[in-house]
Visitor: 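Please read through the structure below; I'll follow up with questions.
In what follows, chains carry the letters A, B, and so on, assigned in the order in which the sequence lines appear, proteins first and then strands, with residues in each chain numbered from 1. Bear in mind the structure is a predicted one, so any value in this text is a computation, not a measurement.
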Amino acid sequence: MDDKYHPQEVEEKWQKFWEDNQSFRAAEDPSRPKYYVLEMFPYPSGRIHMGHVRNYSIGDVVARYKKMRGLNVLHPMGWDAFGLPAENAAIERKTHPETWTRENILYMRTQLKRMGLSYDWEREIATCEPEYYRWNQWIFLKFYERGLAYKKASSVNWCPSCETVLANEQVIDGGCWRCETPVVQKNLEQWFFRITDYAEELLRDLDRLQGWPGKVVTMQRNWIGKSIGAEILFPLAGRQGAVRVFTTRQDTVYGATFLSLAVEHPLALELSRGTSRESAAKEFVERIQKISHARRGEEDAEKEGFITGAYCENPFTGEKIPIYLANFVLMEYGTGAVMAVPAHDQRDFEFAKKYGLPVRVVIQPKDTPLKAEEMTEAYLEDGIMVNSGPFSGLSSHEGKEKIALFLEEKGWGKKDIRYRLRDWGISRQRYWGTPIPIVYCDKCGIVPVPENQLPVTLPRDVPFTGKGGSPLLDSKNFLDASCPKCGGAARRESDTMDTFVDSSWYFLRYVSPRFDSAPFDSKSATAWMPVDQYIGGVEHAVLHLLYARFFTKALRDLGLTKIGEPFTNLLTQGMVCKETYRCAEHDWLFPGELAGSDQAGWRCPKCNRPVEKGRVEKMSKSKKNIIDPEELIAAYGADTARLFTLFAAPPEKDLEWSAQGVEGAFRFLTRLWRFVFQNKESLAAARSDASHGELPPDLRNLRRMTHRTIKKVTEDIETRFHFNTAIAAIMELLNAVTAAAKDGPESNREMPVVKAALEAIVALLYPFVPHVASELWASLGQNVPLDLAPWPAYSKEAMEEENLLIVVQVDGKVRSKITVPADASSEYIKEEALADPKVRGFLSGKEIHRVVQVPRRLVNIVLEG
RNA sequence: GCGAAAGUGGCGGAAUUGGUAGACGCGCAGGAUUCAGGAUCCUGUGGGCUAACACCCGUGGGGGUUCAAUUCCCCCCUUUCGCACCA
């Protein structure tokens, strides 16, 4: 290596070194504490993008740092390889999803290796391999045995573009999570996982996730949506039966003046059957059902109702109250029927005003009485119960409890808890996923495939035409099966599993990736789990991260592991963004460019108008603001790509692309490289470090700064993951080194301290830029590779200050700064401050009221008046 | 509408416990080097007013607590994210 920095050369050399030496193989070792760091595995889409670069750079810093700290680090990587894009690509390119996926994995693996990430590649997994997905099927069968997997017909979310069902979690703002196409409702028979069995535990254990961002915890809490209340039966008037309602406000039951039913409610049509209202009811139900759920929920959708003509009895007041159908009542939540209390629910209030229904106040605020006829909106707060028979005078809180007990006594209802969380629909009408291990026999019905017949493999010879419907339906070989029970002719389930099943337990597979008698070796799981640090995007807050928690608990209950939570600490990294450029007339037109090009001066190729700078947005193909990491790495090297993404912003915040920022990162590495190589001889000749006593003051300062920097970098990584400030501190240290060695190599007296500082810089940089750090470490004469070196230590003695800079304020404004010996008494510091000529100028003629001192930092002289 | 987070130079961002606001990087300006460009090195760089020293102002806006506020409290504005008829 010469004194010019050639990143490609350096990076190739060290990547080969790591590969040859298997530097990052992980093995269980009971003698050392373990550390499992994991980044969310990628979908093999074809090429890595900047989001991957950021995600994996962050993870690599953590992995390499923890390794240097002496922990036994597990840092694996794999592929979330099933999914729809492979199938679409197969249709478009006339290839096979498997071919496409394998090619992508091959390509992306070399890209990741090119980044110099410290993975144990021996543990690599891909979810599309039968060795992996057979365990999806195995888990499915275990779930089926325990009633955690079941099939039912229901109204499900259907994406017309992806031609498949979606789970509730995969519907974002009424659209498909993948393609944003508006989702429609369909009635289908589907397989479900009973995640609702774990609703309470999933909710309760959120309190244990102290290492998770509060935002994600809140999102999961809201998604699970626990409501504590009561179920109340309202007997139908003049006929058998009752309407069951769920309410969280049983304290307002005396104010229930009508009932509202969802149009999907079983009684919706039933109640007016055979009456003059029958056909009108049908019309209303059909009209509302046509509107999708998302549209029905739109902000100012007007409350609409239909009077069924039927009545029921409020068991508490004995009153006959009318039953309405209402467009805003959801069949999916509670019982699909609500008791309407117009005085204390805004929706019921609006509905009552519109249809002229009575508003009865049954809760009073403490001081000001409420008058129904003066109300302009519902009173939603708790208060004192009134007009509530024997319950009047109780607080809402007491009332809820007393009414619930009373209900149970009378047999009118019971206490009840409801969750918003629905069971997880896992059937997908697509090819490229795990086949559901079920056959349908005319005689025996639904029959699970026996464990010893797993895996049920995907047939390879299937046409991909894009004509719609699952390609598996065209594979007679696949569909035809014999019934495992009776041996008769049977048909295989043609639906595959949601790919989120694959990712719900992959972190467990890594602990024993080739284990072939269970999804994973429980002993290894005990050794490595839980994941100590998980890193990925926030978009999975209620998808993957909820499913993975559910699987962990369910697998625990199957006796496979002991842990109840998979991820102890979670870091959700921000997005990678870039400014966009657009023509006012035409669409986004201008692709991102690497350093140097001034897009602002470009013109629109359609109309030749100058383009305008648009907003800074998340890098995406549609916004044409993508930077291809491969080009970045080719131009500057992986170390610069890593350094830039780590330095430009703290990990949890969005990162804005900056070509100049990349240049800056590269310049820093070049500067460090040049300094080491230009002083190679004198550095090699010098010993490292010198004791304090033998040093002149300027070198004492450099030595002090070296140790302070080690401390700061350690704390920034350890406690906050603030890599940007850690890197800034290292840059400062290099600035100080070059300043100290300004006089050139002839002044060799400073070399020991300079050398010690450089060793610290290089070691501290290793987690961020491992290739260049490894090379410079060797150039400094170190024989042991940096991969095996311990994290640098700082000494308290070396950091001790000889002098202190004291800020002197007068009336809270900084007026002077004085330097005092580190051991000066506060009395002495005060005297010095008062004697300071600048300070005296502000004191003349005025009386000193008091003097505030902060030890070792500040004196504030407060004047009278 | 509800909830959360954020708002600091020309830009990305620092300031960890209430104690020197603007670290570090980018950009810009001046200088050195160079035939020139590039690269590199040095110096400067919040605004105002200055010849300079000094002084004044300054962390979205307004108020408050404090000897001292980017940091704590109240009100308002803006942006981003999440939830959005959940009974």
Visitor: When you check the phosphate oxygens OP1 and OP2 of B/rA23, does a side-chain N or O of A/N724 lie under 4.0 Å from one of them?
Guide: no

Visitor: Find the partner of B/rC11: check Watson-Crick (N1-N3 plus N6-O4 or O6-N4) and G-U wobble (N1-O2, O6-N3) distances, both under 3.5 Å, and reply none if neither fits.
Guide: B/rG25

Visitor: OP1 or OP2 of B/rC56 versus the side-chain N and O atoms of A/R815: is any pair under 4.0 Å?
Guide: yes

Visitor: For B/rU65, which nucleotide is its Watson-Crick or G-U wobble mate, given both distances must be under 3.5 Å?
Guide: none

Visitor: Check every strand shown and say whether A/L805 touches a base, only sugar-phosphate, or nothing at a heavy-atom separation below 4.0 Å.
Guide: base

Visitor: Let's see if you can work this out: which of B/rA23, B/rC86, B/rG12 has an atom nearest to the side-chain heavy atoms of A/A648?
Guide: B/rG12

Visitor: Distance check: side-chain N/O of A/R249 vs OP1/OP2 of B/rA87, anything under 4.0 Å?
Guide: no

Visitor: Counting side-chain heavy atoms from C-beta on, which of B/rG13, B/rC24, B/rA15 comes nearest to A/R720?
Guide: B/rA15

Visitor: Verify whether the ring centers belonging to A/F351 and A/Y324 lie closer than 6.0 Å.
Guide: yes

Visitor: Is the phosphate of B/rA84 approached by A/R347 (side-chain N or O, under 4.0 Å from OP1 or OP2)?
Guide: no

Visitor: Does A/R244 place a side-chain N or O at less than 4.0 Å from the phosphate oxygens OP1/OP2 of B/rA87?
Guide: no

Visitor: Measuring from the side chain of A/D716 (C-beta onward, heavy atoms only), which nucleotide among B/rU16, B/rA84, B/rC67 has the closest atom?
Guide: B/rU16

Visitor: For a quick check of understanding: with a heavy-atom distance under 4.0 Å over all strands, which category does A/Y419 fall into, base, sugar-phosphate or nothing?
Guide: nothing

Visitor: In terms of side-chain heavy atoms of A/M219, which of B/rG12, B/rG82, B/rU20 is nearest?
Guide: B/rG82

Visitor: Taking for each residue the nucleotide of RNA chain B with the nearest heavy atom, is it A/V814 or A/D348 whose nucleotide lies nearer the 5' end?
Guide: A/V814

Visitor: Please work out if A/S658 contacts a base, only the sugar-phosphate, or nothing of the nucleic acid, heavy-atom cut-off 4.0 Å.
Guide: nothing

Visitor: With rounding to whole Å, what would you report as the distance between B/rA23 and B/rC56 at their C1' atoms?
Guide: 25 Å

Visitor: Considering heavy-atom distances to RNA chain B, does A/D345 or A/V538 have its closest nucleotide positioned more toward the 5' end?
Guide: A/V538

Visitor: From B/rG12, B/rG25, B/rA14, pick the nucleotide closest to the side chain of A/M731?
Guide: B/rG25

Visitor: Tell which nucleotide pairs with B/rA5, taking only Watson-Crick or G-U wobble pairs whose two distances are both under 3.5 angstrom.
Guide: B/rU79

Visitor: Checking contacts here: which listed nucleotide (B/rG13, B/rG25, B/rG19) is nearest the side-chain heavy atoms of A/N735?
Guide: B/rG25

Visitor: Output yes when at least one side-chain N/O atom of A/K578 is less than 4.0 Å from OP1 or OP2 of B/rG12, else no.
Guide: no

Visitor: Using a cut-off of 4.0 Å on non-hydrogen atoms, how would the nucleic acid contact of A/G664 be classed: base, sugar-phosphate, or nothing?
Guide: sugar-phosphate

Visitor: With P as the reference atom in both, quote the distance from B/rA5 to B/rA87 in angstrom, rounded to an integer.
Guide: 23 Å

Visitor: Does a donor on one side chain sit under 3.5 Å from an acceptor on the other, for A/N168 and A/R420?
Guide: no

Visitor: With A/Y5, which of A/F677, A/W673, A/F675, A/Y636 fulfils ring pair (Phe, Tyr, Trp, His ring centres under 6.0 Å)?
Guide: A/W673

Visitor: Indicate whether any N or O donor in one side chain lies under 3.5 Å from an N or O acceptor in the other, for A/Y333 and A/S227.
Guide: yes

Visitor: So, under a plain 3.5 Å distance rule, would you say the side chain of A/K813 forms a donor-acceptor pair with the base of B/rU20?
Guide: no

Visitor: Mind checking if A/V338 touches a base, just sugar-phosphate, or nothing, with heavy atoms under 4.0 Å?
Guide: base

Visitor: Is it true that the side chains of A/T580 and A/E617 contain a donor and an acceptor less than 3.5 Å apart?
Guide: no

Visitor: Which one is paired to B/rC86, where only Watson-Crick or G-U wobble pairs with both distances under 3.5 angstrom count?
Guide: none

Visitor: Watson-Crick or G-U wobble partner for B/rC55, using a 3.5 Å limit on both distances?
Guide: B/rG48

Visitor: So, applying side-chain contact (heavy atoms from CB on, under 4.5 Å) with A/R249, which one of A/V362, A/D382, A/V341, A/D345 is it?
Guide: A/D382

Visitor: Return the nearest nucleotide to the side chain of A/E732; candidates are B/rG27, B/rA15, B/rA23.
Guide: B/rA23

Visitor: Among the candidates B/rG19, B/rC41, B/rA15, find the nucleotide nearest to the side-chain atoms of A/R674.
Guide: B/rC41

Visitor: Between B/rC2 and B/rA68, how far apart are the two P atoms, rounded to whole Å?
Guide: 36 Å

Visitor: Under a 3.5 Å cut-off for both contacts, is B/rA36 paired Watson-Crick or G-U wobble with anything, and if yes, with which nucleotide?
Guide: none

Visitor: What does A/R671 touch in the nucleic acid at a heavy-atom separation under 4.0 angstrom: a base, only the sugar-phosphate, or nothing?
Guide: sugar-phosphate

Visitor: Quick one: label A/K618 by what it contacts on the DNA or RNA (base, sugar-phosphate, nothing), any heavy atom closer than 4.0 Å.
Guide: nothing

Visitor: Using 4.0 Å as the upper bound for N to carboxylate O, is an ion pair formed by A/D416 and A/R244?
Guide: no

Visitor: Taking the minimum atom-to-atom distance to the side chain of A/E656, which one of B/rG12, B/rU40, B/rA23 wins?
Guide: B/rG12

Visitor: Assign B/rG9 to syn or anti; the rule is syn for a glycosidic angle within 90° of 0 and anti otherwise.
Guide: syn

Visitor: Give one of base, sugar-phosphate or nothing for A/Q809, where a contact means two heavy atoms less than 4.0 Å apart.
Guide: base

Visitor: Can a donor-acceptor pair under 3.5 Å be found between the side-chain atoms of A/K215 and the base atoms of B/rC81?
Guide: no

Visitor: Under 4.0 Å between a side-chain N or O of A/R667 and OP1 or OP2 of B/rG38?
Guide: no

Visitor: A/T819 and A/N803: side-chain donor and acceptor closer than 3.5 Å?
Guide: no

Visitor: Any side-chain N or O of A/S227 below 4.0 angstrom from OP1/OP2 of B/rA87?
Guide: yes

Visitor: What's the closest nucleotide to the A/R857 side chain, out of B/rA15, B/rG27, B/rG19?
Guide: B/rG19

